[in-house]
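Every value quoted in this text rests on a predicted model; they were computed, and no experiment measured them. We count residues from 1, following the sequence as given. Only heavy atoms go into these numbers, but all of them, side chains included; no hydrogens, no water, no symmetry mates.
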Amino acid sequence: MDDLIGLAIIFILVVLAGAICGLIALIKLSNLKHEVVLLKTKVHNLQPNTAGQNTTAVQKNTAVQNNAQSANLHTSQVSMQSVNSSNIQKGDELLTEQTIKPTISSNSEHVTQTVHPASAKPQSGHTTKAKPVKPSSIELLFNKLRAGFEENWMTWIGAIALAFGGIFLAKYSLEAGLLSPVMRLSLGGLFGLGLIAAAAYLHYKRIVFEGFNNYIPAALASGGFITCFALTLLAYSNYNMLSPTVAFFALAVIAISASAMALRLGPLLAVLGIIGAYSVPIWVNTGSGNLFALFMYVGFVSLSAALVARKVQRIWLWYLLWAGHIGWYLVGFSLFKNDTIWLMGAFALLSVIGLIAIPRLGLKLDVIEHRPHSLKRLIKVFPDHLLLVALIAPLVFAMAIDSFDMQWQVISLISIVVILFLVLKNSRWDLWQGVALVTATVLVLSAEQTRFTPELFDDALFIFKNEYGLGILLGLALTAYGLYYGKKQSKRLAFHITAAFSLFVMIGTLYAIIPNSALSTAYPFWAVILFLVSAALIKLAQQGTTLWQRFTYWVGANANITLAITMLLNDSGLTIALAVQVLLISVLVKRHNVPMPHWPIKALVAVLLLRLTAAPWLDNYDALTILGLHWSIVVYPLCTALFFVAAKCFNESKMKVWLEGAALHCLALFITTETSYQLVGHYPQFDSLSFYEQVLLTCNWLALGCVYLHRARIAGSLTKLYQTAGFILVGLAGLFALKTLLDNNPLFESIYVGELPLFNWLLLLWLVPGGLTLWLSTFIKPINAKATPFILAIAGAFVLLAINSFIRQYWQGPYIYLSKGVSDAELYSYSVIWLVLGAGTVIFGHLKNQLLIQKLGLGILAAVIVKVFLIDMANLEGLLKALSFIGLGLSLVGLSWLFQKLRSRVS
């Protein structure tokens with residue numbers, strides 16, 4: 001009984017909504033009538049016609065007003081009677097077009113201009129039209145959906161009410177026990193079929209037919225199909241009247257029938273059919289785990305949905321199709337067994353052909369395109385790339401985790417062949433050659449068996465077996481593929497890239513997985529192949545027809561030669577080889593003036609910098625040597641030089657700044673790591689740094705921070721990056737300096753600072769940071785002038801600590817902690833030296849005409865005088881005290897005379 005009450009409430013709400021819409025329509029039409037009268041009156045008064053013409057126009061306007069009023073009232077009555085507010089909800093502008101324009105279309109041109117005053121051209125020559133702003137695709141879609149809802153919301157509420165009515169009726173009959181289960185379901189089915197039949201009849205008679213906007217038949221059909229779908233599930237789950245297989249096929253027939261009927265009634269019904277068809281396996285689980293039956297059903301549904309989407313021409317129907325198809329394909333991986341690997345592979349490859357190839361190339365795959373495309377256009381081929389990755393990536397992943405299963409190997413080889421075949425059909429898929437190369441690489445890695453059976457390396461022919469033979473075969477096959485079709489279609493760059501780098505990638509993969517003990521056996525064979533292919537590439541580069549072809553073959557030949565040389569070296573050899581490759585590419589770009597995009601070089605440089613940054617803290621680099629020297633002494637300076645030379649090839653471009661930054665980063669790594677290594681025998685361990693490592697890192701990072709900030713001035717678009725890096729280094733240096741001052745200060749602790757005056761650890765502890773901080777202030781001033789005095793104060797504090805520490809080290813030796821006491825000679829030397837420094841500062845300020853420096857010198861002198869009176873002369877008596885005051889007075893008089901002479905010269 002509650003459900004019937006709910007159904008009645010829905011019906012009452014629909015009636016009330018219709019009544020409210022009718023009242024709104026009457027109010028809007030009444031206002032519209034007055035606006036039209038006023039508008040026509042204004043236009044009539046503006047026309048400079050004769051009295052007779054004015055009289056005629058007034059008569060015509062009156063007739064038009066009467067016709068418009070009658071037409072508006074008639075339209076309002078019709079809209080109220082049909083409870084369809086599509087013409088009422090469109091707004092004033094749409095009402096004007098639908099109710100007034102048809103009425104006055106047969107009148108004079110004068111009346112037409114009255115209804116559409118915006119069409120008149122502006123009279124002033126200075127008037128300019130504002131350029132309309134084109135809305136985005138999202139806004140257009142949202143506006144379209146909103147307009148459709150505003151026009152047809154009552155229709156769809158009625159359809160939903162009908163569907164719920166059928167469901168509630170079936171539920172009520174079940175709970176009340178009025179009829180037998182068969183009779184209840186039969187009546188509900190007849191109700192649903194009746195709605196579908198009524199929709200078909202209305203469409204056939206074209207009673208409310210408007211092309212694909214035929215909403216009323218579509219709404220009735222949707223209610224019918226939902227009712228049939230719900231009743232079938234009810235018969236299966238509640239009454240157990242249907243077996244899983246019968247229920248499965250019944251639901252599938254209902255969903256596919258809805259999709260088929262959508263060909264006539266529009267795309268919205270197609271959505272219901274597609275979603276319903278793909279959801280059938282969720283509602284009904286036969287429990288058989290039959291993956292073949294599932295894929296057969298999904299394939300049939302996808303075929304039907306593709307036909308509907310192609311006919312209806314709505315892109316979002318394709319989105320539903322792809323989501324449902326790929327979703328069940330991924331679910332299949334949770335059900336597959338060893339005997340269904342072939343099924344997974346076949347389904348994936350057939351999906352590639354059915355979802356990507358056939359829609360693009362036609363059923364016979366005869367729509368061929370060979371014209372070359374730019375890289376930007378190749379990247380933007382959607383959704384083809386995403387669909388291919390979604391179908392191939394799960395296969396590759398499954399193969400990688402299920403190593404050396406022959407079925408996966410064969411499926412992967414077939415996948416590579418299919419991908420390369422499709423590339424030949426459509427040049428927009430040229431990037432798929434990269435997918436084929438990645439699949440081949442994973443295929444070799446998944447076939448790695450010798451790690452489980454090391455005794456296979458005892459046979460010298462292992463290089464022709466297992467993953468090693470497969471890798472060489474795939475590399476040569478892909479190289480031949482690229483060379484052959486690159487010669488036939490020389491303007492398609494992807495073929496040349498495949499030819500130039502396939503063997504390099506495959507042998508590089510084998511080199512990465514082979515044990516060092518077996519490399520001596522494999523190296524001669526691999527080196528011969530690399531050199532032969534390099535020779536062929538160099539020969540073809542000389543005969544190349546296009547600039548990009550020659551450039552690609554030159555780079556590929558250099559890469560192969562570099563790899564061959566690298567295999568003779570150790571881990572750092574690969575780093576050097578890649579850095580040499582960056583230089584060679586840069587030289588080739590400059591020599592042949594190739595308009596090459598910079599991102600491939602940037603990517604290679606980024607990989608190198610990541611490798612160089614992480615290397616010092618990897619175990620295999622700890623004791624690595626090159627030519628008897630520790631590797632960082634050779635690698636970092638060499639890479640720095642290579643990057644600087646490569647930067648010279650790009651003149652003033654952004655690439656030059658990028659490469660110079662890379663060189664600077666290598667220099668920073670060299671200074672940071674090698675100084676610590678030479679000092680303590682290992683690279684910095686930041687959780688247990690010694691006093692001396694902290695001192696070195698403070699100087700190194702402060703100097704590098706200043707260099708980065710200096711580079712920021714000429715870095716162009718990379719200014720923010722350099723500034724950020726510089727401030728980070730300066731901040732870290734400041735933290736280490738503060739830690740040294742508070743925790744490891746040689747003035748407070750017994751720390752060895754060195755035997756020699758000046759040239760000891762105090763030089764790096766305080767004097768060098770003081771000079772660097774002074775340099776830092778010149779970079780901070782343009783960025784933040786208010787912070788400059790603070791930076792200068794820190795620099796002064798460093799210099800103050802350094803000078804006083806040098807004096808104390810001269811008198812106290814290698815340990816200068818204050819608890820040792822102070823001798824009289826040391827105490828007087830502070831005064832003498834600071835007196836000389838203060839005087840020199842004042843003189844320098846006068847020479848440079850810098851008032852701030854003069855004030856600083858005078859402050860130093862004042863501090864010295866205070867110290868002399870309060871400390872130095874405190875314990876003197878007799879003649880010594882008198883001589884001291886006399887000497888101080890003469891010094892001050894002499895300084896005063898000198899300052900006057902300098903001031904007179906300046907003036």
Side-chain angles (χ1 to χ4, degrees), residues 352 368-379 381 384-385 388-389 392 396 412-445 470-510 526 529-530 532-541 543-563 581 585 588 594 596-597 599-601 603-604:
V352 170
I368 300 176
E369 181 179 352
H370 287 161
R371 62 192 179 102
H373 298 277
S374 65
L375 179 62
K376 184 179 295 185
R377 292 189 62 188
L378 291 177
I379 293 175
V381 179
D384 303 27
H385 295 342
L388 181 72
V389 172
I392 296 298
V396 175
S412 299
L413 289 174
I414 297 174
S415 301
I416 294 172
V417 172
V418 170
I419 291 172
L420 296 179
F421 169 75
L422 293 177
V423 168
L424 300 178
K425 291 290 185 177
N426 194 330
S427 57
R428 294 197 297 175
W429 296 334
D430 277 350
L431 292 182
W432 290 8
Q433 297 179 59
V435 177
L437 184 57
V438 171
T439 305
T441 303
V442 178
L443 178 61
V444 171
L445 293 174
L470 179 62
I472 296 298
L473 180 63
L474 289 173
L476 292 175
L478 290 172
T479 301
Y481 172 86
L483 290 175
Y484 178 77
Y485 289 104
K487 183 178 181 180
K488 297 182 65 174
Q489 303 175 36
S490 59
K491 293 184 178 181
R492 291 175 64 176
L493 179 62
F495 286 133
H496 306 315
I497 295 176
T498 301
F501 295 102
S502 293
L503 188 65
F504 172 83
V505 172
M506 300 312 299
I507 294 184
T509 303
L510 296 177
W526 291 349
I529 295 178
L530 289 171
L532 290 177
V533 173
S534 298
L537 292 175
I538 293 173
K539 183 67 176 179
L540 292 173
Q543 301 173 355
T545 57
T546 66
L547 178 63
W548 279 106
Q549 180 183 6
R550 296 194 298 271
F551 175 78
T552 304
Y553 287 166
W554 272 112
V555 173
N558 290 329
N560 290 336
I561 295 173
T562 302
L563 179 59
Q581 192 67 27
I585 294 175
L588 289 173
V594 180
M596 179 182 178
W599 66 264
I601 303 179
L604 181 57

### The single option from T439, V444, T479 passing side chain to side chain contact (heavy atoms under 4.5 Å, CB included) against L474
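It is V444; the other options fail the test.
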### Message
Assess the residue pair Q581 and V555 against the criterion (side-chain contact (heavy atoms from CB on, under 4.5 Å)); give the C-alpha distance rounded to whole Å, side-chain angles, the decisive distance to 0.1 Å, and a yes or no.
### Response
CA-CA 8 Å; Q581 192 67 27; V555 173; 3.7 Å; yes
Does any non-hydrogen side-chain atom of [Y] lie less than 4.5 Å from one of [X]?
X	Y	answer
L420	W432	no
V352	L422	yes
I585	N558	no
V417	L413	no
T498	L437	no
Q549	L540	no

Nearest-0.5 Å distance that lies between atom [atom1] in [X] and atom [atom2] in [Y]:
X	Y	atom1	atom2	result
I414	I419	CD1	CD1	12.0 Å
E369	W429	CD	CH2	9.5 Å
L443	L470	CG	CG	5.0 Å
F495	K487	CZ	NZ	15.0 Å
K488	L424	NZ	CG	8.5 Å
S374	I379	OG	CD1	8.5 Å

### Query
Passes side-chain contact (heavy atoms from CB on, under 4.5 Å), L431 versus H385? Steps please.
CA-CA 9 Å; L431 292 182; H385 295 342; 4.2 Å; yes
### Query
side chain to side chain donor-acceptor pair (under 3.5 Å): which pairs involve residues 414-428, sequence neighbours left out?
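Of all non-adjacent pairs touching residues 414-428, those that pass side chain to side chain donor-acceptor pair (under 3.5 Å) are H373-S427.
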### Verdict with supporting geometry, I507 and N560, side-chain contact (heavy atoms from CB on, under 4.5 Å)
CA-CA 9 Å; I507 294 184; N560 290 336; over 6 Å; no
### Task
Give every residue pair that meets the salt bridge (Lys or Arg N to Asp or Glu O under 4.0 Å) criterion with at least one member in residues 489-504, sequence neighbours excluded.
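Non-adjacent pairs meeting salt bridge (Lys or Arg N to Asp or Glu O under 4.0 Å): D430-R492.
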### Query
Relative to each other, are the rings of F504 and F501 parallel, tilted or perpendicular (30° and 60° limits)?
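F504 and F501: perpendicular rings.
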Any idea which heavy atoms bring [X] and [Y] closest together, and the distance?
X	Y	result
H370	I368	NE2-CG2, 3.2 Å
A557	S534	O-OG, 3.3 Å
L537	G556	CD1-C, 3.9 Å
G475	S502	O-CB, 4.0 Å

#### Entry: Check: H496 side chain, Y553 main-chain N or O, donor-acceptor pair, under 3.5 Å
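Side chain of H496 to backbone of Y553: no pair is present.
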#### Entry: Evaluation steps, side-chain contact (heavy atoms from CB on, under 4.5 Å), between I561 and L530
CA-CA 7 Å; I561 295 173; L530 289 171; over 6 Å; no
